[in-house]
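Take a look at the structure set out below.
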Amino acid sequence: MSTSGTRTLDTARHPSWRRRRLDPDQALGLRLTLAATAAFLVLVPFALLALLVLGVWAPLHRLDTTVTEALHDYALDHPAWVTLMRVWTEVFAPMPLRAAALLVVIWLLRRGARRLALWVTTTMVVGGSLGPLLKLLVGRDRPELLDPVARAAGYSFPSGHALNATLAAGVLLLVFLPYAGRGVSRVALWVAAVLVTVVTGLSRVALGVHFTSDVIGGWMLGVAVLAATTAAFTSWRAAPGEAAGGPS
C-alpha cells in the first residue's frame, strides 16, 4: 500500500480533533464545543467590561453618569414612574425569582424530570453565587445622588437583579418551550422572558441604584452561566446509549 493510502486509512481510523467535532455522528462533542464557544464569547466581553469598570475608563464612566443623571431627573419629576419601578424591582428581585425557580424544580420532579430539575437548581445556585463574589472582587460603589429615590446596600457591579432575571428567563425558556408548541404560546414565552430580563435591569438604573454597565454586566454573566450549565446538562443526558432528547 502506498504512503498516501496509509495516511488516508490512518486518518479514517483516527480523525483529527476538528473532524471529530464536526462529525454529525459525534453529536456530543459538537454540542459541547459549540456551548463552550458560546460561553467563551460571552465571558470575554464580560471580562473586558469588568476591567474597564475596575480601571474607571473615562468614556464608560461618562456614559454611566450621563444615563444615571438623566433617568434620575426624570424620576424626580414622575413619582408614578418611580412607584412602578419600585414595584417591578421588588416583584422580580433575586429572592422571588429563586422561589419561582424552586416551584419549577418541584414541578419537574413531580413529572420525573430529575436531570432538568438539577439543571435549573445548578443554574440558579451557580449564577446566584457568582454575582456576590464578583461584586466583592470588583468593589464598585453604587451611584451617589443628592436626592435618591431608592437605596440599595452592597457593591454595584454586576447587578444581581439583572443577573438573576437573565437566569430565570433562560430557565423559563428552556423548561417550557418544549410544551409551548407553535404560535401564540411560544411567542408569549419569549415576550415574557425578554420583558423580565430587560425591564428588571432598566428598573435598577431608573431607581439610581445601579449604573448601566452594572446591568449589562449582569446580563452578560447570566448568559455565560446559562451556556455553561446547559453544556454540562447536555453532556450528561447525551451519554452513550441514552436518548439525547427530552428530560429523564
Side-chain angles (χ1 to χ4, degrees), residues 31 34-43 45-46 49 84-111 113 115-131 134 158-207 209-210 212-234 237 245-247:
R31 289 172 184 163
L34 292 176
T37 301
F40 177 77
L41 291 176
V42 176
L43 280 174
F46 172 80
L49 180 61
L84 174 62
M85 291 293 97
R86 281 178 174 172
V87 171
W88 186 282
T89 203
E90 291 296 331
V91 171
F92 294 101
M95 289 308 296
L97 290 176
R98 290 166 188 161
L102 178 60
L103 293 177
V104 172
V105 168
I106 295 172
W107 178 76
L108 289 171
L109 290 174
R110 291 173 64 95
R111 296 180 65 88
R115 295 187 180 185
L116 191 54
L118 180 59
W119 172 80
V120 173
T121 303
T122 302
T123 299
M124 297 302 294
V125 170
V126 170
S129 301
L130 280 177
L134 288 169
S159 166
H161 279 67
L163 167 60
N164 283 274
T166 304
L167 297 175
V171 165
L172 173 75
L173 288 175
L174 188 64
V175 172
F176 294 108
L177 272 179
Y179 300 97
R182 297 180 179 179
V184 177
S185 298
R186 183 172 290 265
V187 172
L189 272 177
W190 276 103
V191 170
V194 171
L195 279 177
V196 168
T197 303
V198 174
V199 180
T200 301
L202 172 63
S203 71
R204 306 305 287 166
V205 184
L207 292 173
V209 294
H210 274 295
T212 303
S213 55
D214 298 333
V215 170
I216 294 175
W219 289 337
M220 287 181 175
L221 183 60
V223 173
V225 170
L226 285 166
T229 57
T230 301
F233 171 74
T234 300
R237 71 173 185 172

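Although no hydrogens or angles enter the test, the distance criterion places a donor-acceptor pair under 3.5 Å between the side chain of S203 and the main chain of T200. Side chain of T230 to main chain of L226: a donor-acceptor pair is present (N/O by atom type, distance under 3.5 Å, no hydrogens or angles).
Taking CE of M95 as the start and CG of L102 as the end, the distance is 10.0 Å to the nearest 0.5 Å. With rounding to the nearest 0.5 Å, the separation of CG in L108 from OG1 in T121 is 8.5 Å. A distance of 7.5 Å separates CG of L163 from CG of L130, quoted to the nearest 0.5 Å. L97 contributes atom CG, which lies 6.0 Å from atom CE of M124 (distance to the nearest 0.5 angstrom). Between D214 atom CG and H161 atom NE2 the span is 12.5 Å, to the nearest 0.5 Å. To the nearest 0.5 Å, atoms CG (L202) and CE (M85) are separated by 5.5 Å.
For R111, the side chain to side chain contact (heavy atoms under 4.5 Å, CB included) partners two or more places apart in sequence, or in a different chain, are W107, Y179. For T197, the side-chain hydrogen bond (donor to acceptor under 3.5 Å, both in side chains) test picks out no residue, with sequence neighbours left out. A search for side chain to side chain contact (heavy atoms under 4.5 Å, CB included) contacts involving V194 returns V198, not counting sequence neighbours. Remark: S159 pairs with no residue by the side-chain hydrogen bond (donor to acceptor under 3.5 Å, both in side chains) rule, at least two apart or across chains. T212 meets the side chain to side chain contact (heavy atoms under 4.5 Å, CB included) test with D64, V67, V205, I216; sequence neighbours excluded.
Looking at every heavy atom in both residues, V91 comes nearest to P96 through O-CB, 3.2 Å. Across P158 and L221, no two heavy atoms sit closer than the pair CG-CD2, 4.2 Å. Residues G201 and A162 approach most closely at CA-CB, 4.5 Å, considering heavy atoms.
In this structure, the side chains of V223 and F46 stay at 4.5 Å or more apart for every pair of heavy atoms. Residues F92 and N164 fail the side-chain proximity criterion, which asks for heavy atoms closer than 4.5 Å.
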Please list every donor-acceptor pair under 3.5 Å in which a side-chain atom of residues 185-192 meets a protein atom from a residue at least two apart or in another chain.
from: R186; atom 1: NE; to: G181; atom 2: O; distance (Å): 2.8
from: R186; atom 1: NH2; to: L177; atom 2: O; distance (Å): 3.4
from: R186; atom 1: NH2; to: G181; atom 2: O; distance (Å): 3.1

